[in-house]
S.K.: 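Mind looking over this structure? Questions follow.
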Amino acid sequence: MFCGVPLGAPHVFIKIFGEVIAVSESISEKIASFWLDEKKRSIVFQLLVICIVGLFAWYLISNTVQNLHRQHIATGFGFLKKPASFEIGESLIPYSSSDTYAKALLVGALNTVKVSFVGIIITVILGTFIGIARLSSNWLISRLAAIYIEVMQDIPVLLQLFFWYAIFYETLPGPRQAICPVDGVYICNRGFIFPIPKYHPAYGYAFLAFIVACVAVYILRKWAKRRQDLTGKTFPVFRVSLALILGLPLIVWFAYGAPIVMDIPRIQGFNFVGGTSFTPEFMALLLGLVLYTAAFVAEIVRAGIQSVSKGQWEAALAMGLTHSQVLRLVVLPQALRVIVPPLTSQMLNLTKNSSLAVAIGYPDFVSVANTTINQTGQSIEGIALIMLVYLIFSLSTSAFMNWYNKKVKLVER
Amino acid sequence: MTENEAVVKPPPSDIGILGWLRKNLFNTWYNSLLTIVTIFFLWKSIPPFIKWAFFDAAWFSPPKVCRQIDGACWSVITKNIRFILFGFYPYEQQWRPLIAMLILFALLYYSKERSHWNKRLFYYWLVGLAVMGILMKGGIFGLPSVESTKWGGLPLTLLLSVFGLTAAYPLGVILALGRRSKMPAIKTLCVLYIELIRGVPLISLLFMGSIIFPLFLPEGITISKILRAQVAIILFTAAYIAEVVRGGLQAIPKGQYEAAASLGLNYYLTMRLIILPQALRIVIPPTVSVLISAFKDTSLVVIIALYDVLKTTQTVLSDPQWMGFSREAYIFLAILYFLGCFSMSQFSRKLEKELDTGR
């Protein structure tokens, strides 16, 4: 019995010791396993990053609030309702300096839309031509297109805008000596002046007829597709649609006696009366944006056309499709899949680059917002508005892009 | 050799210059028509332009003489070249930015060769940038100090683009990795940043830099206008680089990640040793095109009244003496920008070819 004690004591000690070690081991194991668990580790890391970003944002905001308070600048969008008291050179809607800032900004936004819309249409047409010219078998044409693309891509668009603006202001003559390429069309330092048709009710009805024709074409296409699916018979949809869309408005126009009275501009005193005009600022902006972006569009179109292999043409022709059917059913759908996504991003680039208007005095959204900021001192709100407007443009474009990508995606098995 | 076996030469119209002309310019009737019309237009436009730009031009004459001639007045450039290139930098100190630019060009030229891409090059750049900074700023080694408000012209343009890209590149890589991350919070933050920046024009960021950045800082601290514009350019370029790098990351096959994981590499090592070296190499050509547009975009600082090379030119043009010679001045600038961008795009093409054969 007695000898058991000295024997037992070390045993107990060891046991206690063992437990101590075991406990400390389990703690370090727990910590280790916590760090080895990817999920827990990532949660800690994310919390850390959010904290840092949040703290940084809080620091900036608190500084800003203090600074604004010190400079006695009121925040908020209340200034939008005050009268703007500045004139805007050109406007799509009636505007005077007694209107509110909100209306001035709307005028600016509409001007941005105007130059972007016109610019995008011309750019796509011009860019497609240059892209096709780049692939031409004619050596001269192909070389010229290549030179155009390389040179235009390598000169900043702002420099191009300044250049065209200078051409309009310095090089072109005044209204009395205006260059007149075609009767009724004048180019001078007041801008680009051209005739427009005088208003006649027939145009309204012709437009109505055009919409009716569009609806009819839509229905016709659906019907033709269903018939082809059911019976295999094809219907010349394209030619009939073209005839409908062009013909219907023309018939209506003729029915009203085909009015073609034009409002032709002429010089009176020191300026033009009649017709309509684009200001030098608008023309310089449009020229600069179009010539610059067309170079990029041309590259995209060239790449798109080249991406469809020759074998596709040969295979489709061997199946007995006609030339136009090959183009419409085989080549274009494949080329467009390559062309459209970068093309939309170029359109967006053109819209964003139109903000450079502020440098040559075209009253686009950024320019009007800049004036507003200078007058009211509401810089944060003004810049937030600029960003918001462009974000709306780009988000809607990318929404369209996603929809289109889904629509044309290759369906693979 | 009998008569029948005599080699028949191709007809003279199929070979030589004549054959080339026939094949490339006059192969069909409409191509022939197109060629003739194009040559006519070129004939109408090129000779008068050459006459204007060279034969009738004034190269060094004062503005009064310039106004009497029909040709181009290049003396608007030659007489003001030092202001256009260096802006308000003190006149007798202008050798300093000149040497700084020469160092930059030498470094760029040296970096062109892929065989030079190693650690040593990195140290060369570090030393080079430090020397350039000292030359521009002064204040030590007996060089009089020059405030950054006086920096301008071409050095400013180069400074904004070189520092813009060097700082934006690592930021862009981090953002791209963040966008590909599995952690939702990180991913959301990066996507928000990239899409927000890519959705707005650079000019709005520059406005933000010049107007709102001062409000962000605590009272009493100011940072120079150039630095603010520089920050705006960096933030802008980083978003575009992030998208380019993301393309490279997506191109790496999944097997590479799995192989790295099975070797026991952690995230950092996987990225540093396996993924990024491959991904970044794939995207070198598109990165160069981001570089080109960053270089072109530095011209936008004109709008917030920084004296880059475009603004100094405009300042010269607003001098009544030199008013009306915008065409010549802008053509000169266009050539300057063209040379910069063209050499970069040629470099990118060369690189693309090299990388193509290597894979």
Side-chain angles (χ1 to χ4, degrees), chain A residues 38 42-43 45-47 49-50 53 59-61 63-64 66-68 70-71 136-142 144 150-151 153-160 162-163 165-167 169-171 348 351-356 358-359 366 369-370 373 379-380 382-383 386-387 390-391 393-395 398, chain B residues 20-21 23-25 27-28 31 34-35 38-39 42 181-186 189 195-196 198-205 207-208 211-212 214-219 292 295-300 302-303 310 314 317 323-327 329-331 333-334 337-342 344-345:
Chain A
E38 206 180 328
S42 85
I43 288 173
F45 185 66
Q46 290 183 53
L47 281 178
V49 169
I50 290 174
V53 172
Y59 173 74
L60 294 184
I61 291 170
N63 276 337
T64 311
Q66 271 179 14
N67 283 325
L68 288 178
R70 211 177 43 248
Q71 293 171 13
S136 162
S137 61
N138 189 324
W139 181 85
L140 197 63
I141 299 283
S142 160
L144 281 178
E150 187 65 49
V151 168
Q153 284 190 343
D154 285 351
I155 300 173
V157 60
L158 185 61
L159 182 57
Q160 298 195 28
F162 282 142
F163 180 79
Y165 194 52
I167 291 279
Y169 258 91
E170 283 175 6
T171 313
L348 201 57
T351 312
K352 281 193 283 180
N353 279 337
S354 74
S355 62
L356 298 179
V358 66
V366 172
N370 196 28
I373 291 172
S379 51
I380 296 178
I383 289 171
I386 295 177
M387 291 188 162
Y390 281 95
L391 273 181
F393 282 136
S394 46
L395 287 183
S398 53
Chain B
W20 184 87
L21 281 178
K23 201 175 147 212
N24 288 303
L25 295 179
N27 50 352
T28 54
N31 258 346
L34 216 55
T35 306
T38 315
I39 288 177
L42 288 180
S181 161
K182 287 192 195 84
M183 306 179 204
I186 309 285
L189 277 177
E195 293 305 323
L196 197 78
R198 276 161 42 92
V200 300
L202 173 59
I203 184 94
S204 65
L205 281 181
F207 276 146
M208 196 171 109
I211 305 172
I212 301 188
L215 292 176
F216 282 162
L217 298 171
E219 194 183 353
I292 293 175
F295 177 63
K296 282 189 292 182
D297 281 348
T298 54
S299 61
L300 264 61
V302 170
I303 298 170
L310 186 50
Q314 287 192 316
L317 290 174
M323 238 176 226
F325 299 119
S326 306
R327 271 180 303 177
Y330 289 144
I331 287 174
L333 276 190
Y337 274 105
F338 177 79
L339 287 179
C341 296
F342 187 67
M344 280 190 269
S345 65

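Labels below follow one simple rule: chain letters A, B, ... track the order of the sequence lines, proteins then strands, and each chain is numbered from 1.
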S.K.: Could you tell me which portion of A:I50 (side chain, backbone, both or neither) has an atom closer than 4.5 angstrom to a non-hydrogen atom of chain B?
M.R.: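 Only the side chain of A:I50 comes within 4.5 Å of chain B.
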
S.K.: Distance from B:D297 atom CG to A:N353 atom CG, nearest 0.5 Å?
M.R.: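 That separation rounds to 7.5 Å.
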
S.K.: Rounded to the nearest 0.5 Å, what's the gap from CE on B:M183 to CZ on A:F45? Could you check?
M.R.: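 Rounded to the nearest 0.5 Å, the CE-CZ separation comes to 5.5 Å.
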
S.K.: Determine yes or no for a side-chain-to-main-chain donor-acceptor pair under 3.5 angstrom, with B:K296 supplying the side chain and A:L158 the backbone.
M.R.: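 Side chain of B:K296 to backbone of A:L158, a donor-acceptor pair under 3.5 Å: no, none is there.
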
S.K.: Look up atom OG in B:S299 and atom CD in A:Q160, then write down how far apart they are to the nearest 0.5 Å.
M.R.: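 One finds 10.5 Å between OG of B:S299 and CD of A:Q160.
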
S.K.: Shortest non-hydrogen contact from B:R198 to A:K352?
M.R.: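 Nearest pair, atom of B:R198 first, then A:K352: O-NZ, 2.6 Å.
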
S.K.: Measuring from atom CG of A:N63 to atom CZ of B:F216, what distance do you get when rounded to the nearest 0.5 angstrom?
M.R.: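 It is 9.5 Å, given to the nearest 0.5 Å.
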
S.K.: Identify which part of A:I380 has an atom lying under 4.5 Å from any heavy atom of chain B, answering side chain, backbone, both or neither.
M.R.: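 Its backbone and side chain both get close to chain B.
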
S.K.: Nearest 0.5 angstrom please: B:L34 CG to A:I141 CD1, how far?
M.R.: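 Here the rounded value is 4.0 Å.
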
S.K.: Which answer fits B:L310, side chain, backbone, both or neither, if we ask what part of it has an atom under 4.5 Å from a heavy atom of chain A?
M.R.: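 Just the side chain, heavy atoms under 4.5 Å.
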
S.K.: Rounded to the nearest 0.5 Å, how far does CG of A:L356 lie from CG of B:L300?
M.R.: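 B:L300 atom CG to A:L356 atom CG measures 5.0 Å (nearest 0.5 Å).
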
S.K.: Can you tell me which of B:P201, B:S326, B:S204, B:A185 forms the most heavy-atom pairs within a distance under 4.5 Å of chain A?
M.R.: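 That would be B:P201.
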
S.K.: Given heavy-atom pairs under 4.5 angstrom as the criterion, report whether the side chain, backbone, both or neither of A:L60 touches chain B.
M.R.: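 For A:L60, the contact with chain B is made by backbone and side chain together.
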
S.K.: Would you mind checking which part of B:S345 comes under 4.5 Å of any heavy atom in chain A, side chain (CB onward), backbone (N, CA, C, O), both or neither?
M.R.: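 The side chain, not the backbone.
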
S.K.: For chain A, find which of B:L42, B:L196, B:L339 contributes the most heavy-atom pairs closer than 4.5 angstrom.
M.R.: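 The option with the most such pairs is B:L196.
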
S.K.: Which region of A:E150, side chain (C-beta onward) or backbone (N, CA, C, O), has a non-hydrogen atom less than 4.5 Å from a non-hydrogen atom of chain B, or is it both or neither?
M.R.: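 For A:E150, the contact with chain B is made by backbone and side chain together.
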
S.K.: So B:L333 and A:F163, side chain to side chain contact (heavy atoms under 4.5 Å, CB included) or not? Walk me through it.
M.R.: CA-CA 10 Å; B:L333 276 190; A:F163 180 79; over 6 Å; no

S.K.: Using side chain to side chain contact (heavy atoms under 4.5 Å, CB included), reason through A:S394 and B:E195 one step at a time and then give a plain yes or no.
M.R.: CA-CA 9 Å; A:S394 46; B:E195 293 305 323; over 6 Å; no

S.K.: So which part of A:L140 gets closer than 4.5 Å to some heavy atom of chain B, the side chain, the backbone, both or neither?
M.R.: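 For A:L140, backbone and side chain are both near chain B.
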
S.K.: Assess whether side chain to side chain contact (heavy atoms under 4.5 Å, CB included) is satisfied between A:L391 and B:V200, documenting all intermediate values.
M.R.: CA-CA 6 Å; A:L391 273 181; B:V200 300; 4.0 Å; yes

S.K.: What heavy-atom pair brings A:V366 and B:F207 nearest, and what distance separates the two atoms?
M.R.: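 Heavy atoms of A:V366 and B:F207 come nearest at CG1-CE1, 3.6 Å.
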
S.K.: Heavy-atom pairs under 4.5 Å with chain A - which of B:P184, B:S181, B:A329 has more of them than the others?
M.R.: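 If we count pairs closer than 4.5 Å to chain A, B:P184 comes out on top.
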
S.K.: Let me know if B:F295 has heavy atoms under 4.5 Å from chain A in its side chain, its backbone, both or neither.
M.R.: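 For B:F295, neither part sits under 4.5 Å from chain A.
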
